[in-house]
Amino acid sequence: MIFKNIFKMNKKSEIILPRLVNESWSRTLMQRLAKELDSDSEVVLNAEKVDWISPCGTILLADFAIKRLQRNKKVSIKMPYHSETKQYVISSGLLKITQSTNINDAIDKNNIQLRLLHRMEPMVPEDLSDFIARQAKNVNDDEKYLLRMWITELLTNANDHAKSDFGFWVCGRYNPSDHNIRICVADSGIGIKQSLVNADKLPKNIDDAHAIEKALEEGMTSRTGKTGGLGLKHISSYVKSHGGSLTIFSGRGKAYLARKTKRIMKHERYQGTIVSVMFNTKTISGDELLTLDQTPFRFE
């Protein structure tokens, strides 16, 4: 059993994380974190055998630790044996969050990889796209512009639609082993369904999974009296055009989209919305400038 709870005499509750902490383990991880959120025991995130943490996994763990901190409850982490993952836990700010005793000290406002925002900050998409482009090394200026554009759209959606006092997370990472850029934006707001219901775009009896499916339609938005912006429809076109994927969690729904795959399903409940995007960059030439219609971030 990959996830288990171990109660000790000193009232510690241990969550053993899997080797890969990513969207594939989201259901089990969400269940365990939700169960332990209000536990009076100190919660230990055992990451000793973890080899990879995706931005989505990073946000789930950071969000859990911050919300525990808000409740004056402790979280600690057992660091990975894997050297690169250990360094990532440090550089992303996840270790700092688990070691902090108050929220003001926990969040590094200058950290590019992992940020908790309370409002839209125009420089964040540019800083994050620059950071990832430096890591990937073969993302030219045109591609970086498009990367910044859809990061802006995801953050704007979270800022406009979430209705959350807590704020919203953004995390990005490049994995050189598979040439993938991953970006995740998550909020603890009212969710896609309620946002569209409130805007009279969907009936109240629709379930979360079908609400996500409707949100993927072109022009669908909860902005009153306006058409949509760049939108999830076009972001999904980006990822499908270049071997990537788009995963959305909201309420009790989940959507997964790739080039030849579309899955809409019920899922473990998440309070708010998570949008996780992955692009593959291995076909980009670092030696020549590609035109916009040749980039991996192009529209279909």
Side-chain angles (χ1 to χ4, degrees), residues 1-111 113-118 164-171 173 184 186-189 249 267-272 274 276:
M1 184 175 181
I2 294 182
F3 290 89
K4 64 181 178 180
N5 197 13
I6 303 174
F7 290 95
K8 300 180 180 180
M9 295 300 292
N10 58 358
K11 295 185 177 179
K12 286 190 177 182
S13 177
E14 188 168 273
I15 299 175
I16 299 179
L17 301 175
R19 186 175 68 86
L20 303 176
V21 184
N22 56 26
E23 290 78 354
S24 299
W25 290 102
S26 59
R27 182 186 297 273
T28 307
L29 185 55
M30 286 179 187
Q31 287 174 340
R32 288 305 324 279
L33 296 179
K35 181 180 178 182
E36 300 294 349
L37 186 60
D38 292 308
S39 170
D40 290 330
S41 304
E42 176 185 343
V43 177
V44 179
L45 302 173
N46 187 334
E48 290 178 334
K49 296 183 179 180
V50 174
D51 290 345
W52 168 262
I53 307 177
S54 72
C56 180
T58 304
I59 287 177
L60 286 174
L61 297 175
D63 187 70
F64 170 75
I66 287 291
K67 288 177 178 175
R68 287 273 299 177
L69 195 56
Q70 286 181 317
R71 292 163 167 79
N72 295 314
K73 299 177 184 294
K74 190 174 181 182
V75 176
S76 60
I77 188 168
K78 289 184 178 180
M79 294 294 281
Y81 298 133
H82 189 274
S83 59
E84 291 181 5
T85 306
K86 180 178 180 179
Q87 182 56 45
Y88 173 74
V89 171
I90 297 170
S91 65
S92 67
L94 185 56
L95 177 61
K96 179 179 174 64
I97 290 172
T98 62
Q99 291 179 331
S100 299
T101 56
N102 66 80
I103 293 177
N104 291 332
D105 292 336
I107 301 296
D108 182 356
K109 295 181 180 179
N110 297 315
N111 192 305
Q113 283 183 285
L114 176 66
R115 295 285 294 274
L116 176 61
L117 305 174
H118 295 285
S164 170
D165 294 332
F166 180 78
F168 50 98
W169 294 94
V170 58
C171 183
R173 189 177 187 187
C184 185
D187 65 73
S188 300
F249 305 95
H267 194 265
E268 183 69 21
R269 185 175 185 273
Y270 179 79
Q271 178 59 50
I274 299 174
S276 182

Checklist entry - Do Tyr81 and Asp51 have side-chain heavy atoms sitting under 4.5 Å apart? => result no
Next on the checklist: List the residues meeting side-chain hydrogen bond (donor to acceptor under 3.5 Å, both in side chains) with Lys67, not counting sequence neighbours, and say none if there are none.
Outcome noted: Asp63, Ser188
Checklist entry - Any donor-acceptor pair under 3.5 Å linking the side chain of Gln271 with the backbone of Gly189? => result yes
Next on the checklist: Between Val89 and Ile77, is the side chain to side chain contact (heavy atoms under 4.5 Å, CB included) condition met? List the steps.
Outcome noted: CA-CA 10 Å; Val89 171; Ile77 188 168; 4.2 Å; yes
Next on the checklist: What verdict does the side chain to side chain contact (heavy atoms under 4.5 Å, CB included) test give for Ile66 and Val75, after you've listed the backbone C-alpha separation in whole Å, the side-chain angles of each residue and the deciding distance to 0.1 Å?
Outcome noted: CA-CA 9 Å; Ile66 287 291; Val75 176; over 6 Å; no
Item to check | Polar side-chain atom of Lys96 near backbone of Asp105 as donor-acceptor pair, under 3.5 Å | outcome: yes
Checklist entry - Is the closest side-chain donor-acceptor distance between Glu36 and Ser13 under 3.5 Å? => result yes
Next on the checklist: Within the 4.5 Å heavy-atom criterion, are Leu114 and Trp169 side-chain neighbours or not?
Outcome noted: yes
Checklist entry - Going by heavy atoms in the side chains, are His267 and Phe249 under 4.5 Å from each other? => result yes
Item to check | Heavy-atom check, side chain of Ser41 versus side chain of Lys12, under 4.5 Å | outcome: no
Checklist entry - Ion pair present between Arg71 and Asp38, side-chain N to carboxylate O less than 4.0 angstrom? => result yes
Next on the checklist: Under the criterion side chain to side chain contact (heavy atoms under 4.5 Å, CB included), I'd like the reasoning laid out for Phe166 against Asp187: C-alpha separation, chi angles, the key distance, then a yes or no.
Outcome noted: CA-CA 8 Å; Phe166 180 78; Asp187 65 73; over 6 Å; no
Item to check | Leu60 versus Leu29, closest heavy-atom pair with distance | outcome: CD1-CD2, 3.9 Å
Next on the checklist: Treating Arg173 as the side-chain partner and Ile53 as the backbone partner, does any N or O pair qualify as donor plus acceptor under 3.5 Å?
Outcome noted: yes
Checklist entry - Out of curiosity, Leu37 CG to Arg32 CZ, how far, rounded to the nearest 0.5 Å? => result 12.5 Å
Checklist entry - What closest approach, in Å, do Ala186 and Tyr270 show between heavy atoms, and which atom pair accounts for it? => result CB-OH, 3.9 Å
Checklist entry - How far apart are the closest heavy atoms of Asn111 and Gly93, and which atoms are they? => result ND2-N, 3.8 Å
Checklist entry - Hey, are the side chains of Val50 and Leu20 touching, using non-hydrogen atoms and a 4.5 Å cut-off? => result no
Checklist entry - Roughly how far apart are Met79 CE and Ile90 CD1, rounded to 0.5 Å? => result 4.0 Å
Checklist entry - Going from CD1 on Ile103 to CD1 on Ile97, what distance comes out if it is rounded to the nearest 0.5 angstrom? => result 10.5 Å
Next on the checklist: So which atom in Ser76 and which in Glu42 form the shortest heavy-atom distance, rounded to 0.1 Å?
Outcome noted: OG-OE2, 2.9 Å
Item to check | Working for side chain to side chain contact (heavy atoms under 4.5 Å, CB included), residues Met30 and Arg269 | outcome: CA-CA 8 Å; Met30 286 179 187; Arg269 185 175 185 273; over 6 Å; no
Checklist entry - Arg68 and Gln70: side-chain donor and acceptor closer than 3.5 Å? => result no
Checklist entry - Could you give the distance from CD (Gln113) to CG (Leu94), rounded to the nearest 0.5 Å? => result 11.0 Å
Checklist entry - Does atom NZ of Lys73 have more than 12 heavy-atom neighbours from other groups under 6.0 Å away? => result yes
Next on the checklist: Could you measure the distance from the CD1 atom of Ile16 to the NZ atom of Lys49? Nearest 0.5 Å is fine.
Outcome noted: 7.5 Å
Checklist outcome for this item: Which of Cys184, Ser54, Ser92 passes side chain to side chain contact (heavy atoms under 4.5 Å, CB included) with Ile59? It is Cys184
Checklist outcome for this item: Shortest non-hydrogen pair, Leu17 vs Ala47, comes out as CD1-CB, 4.0 Å
Next on the checklist: Nearest 0.5 Å, please: how far is OG1 in Thr28 from CD1 in Ile15?
Outcome noted: 11.5 Å
Next on the checklist: Testing the 3.5 Å rule here: is there a donor-acceptor pair between the side chains of Ser26 and Glu268?
Outcome noted: no
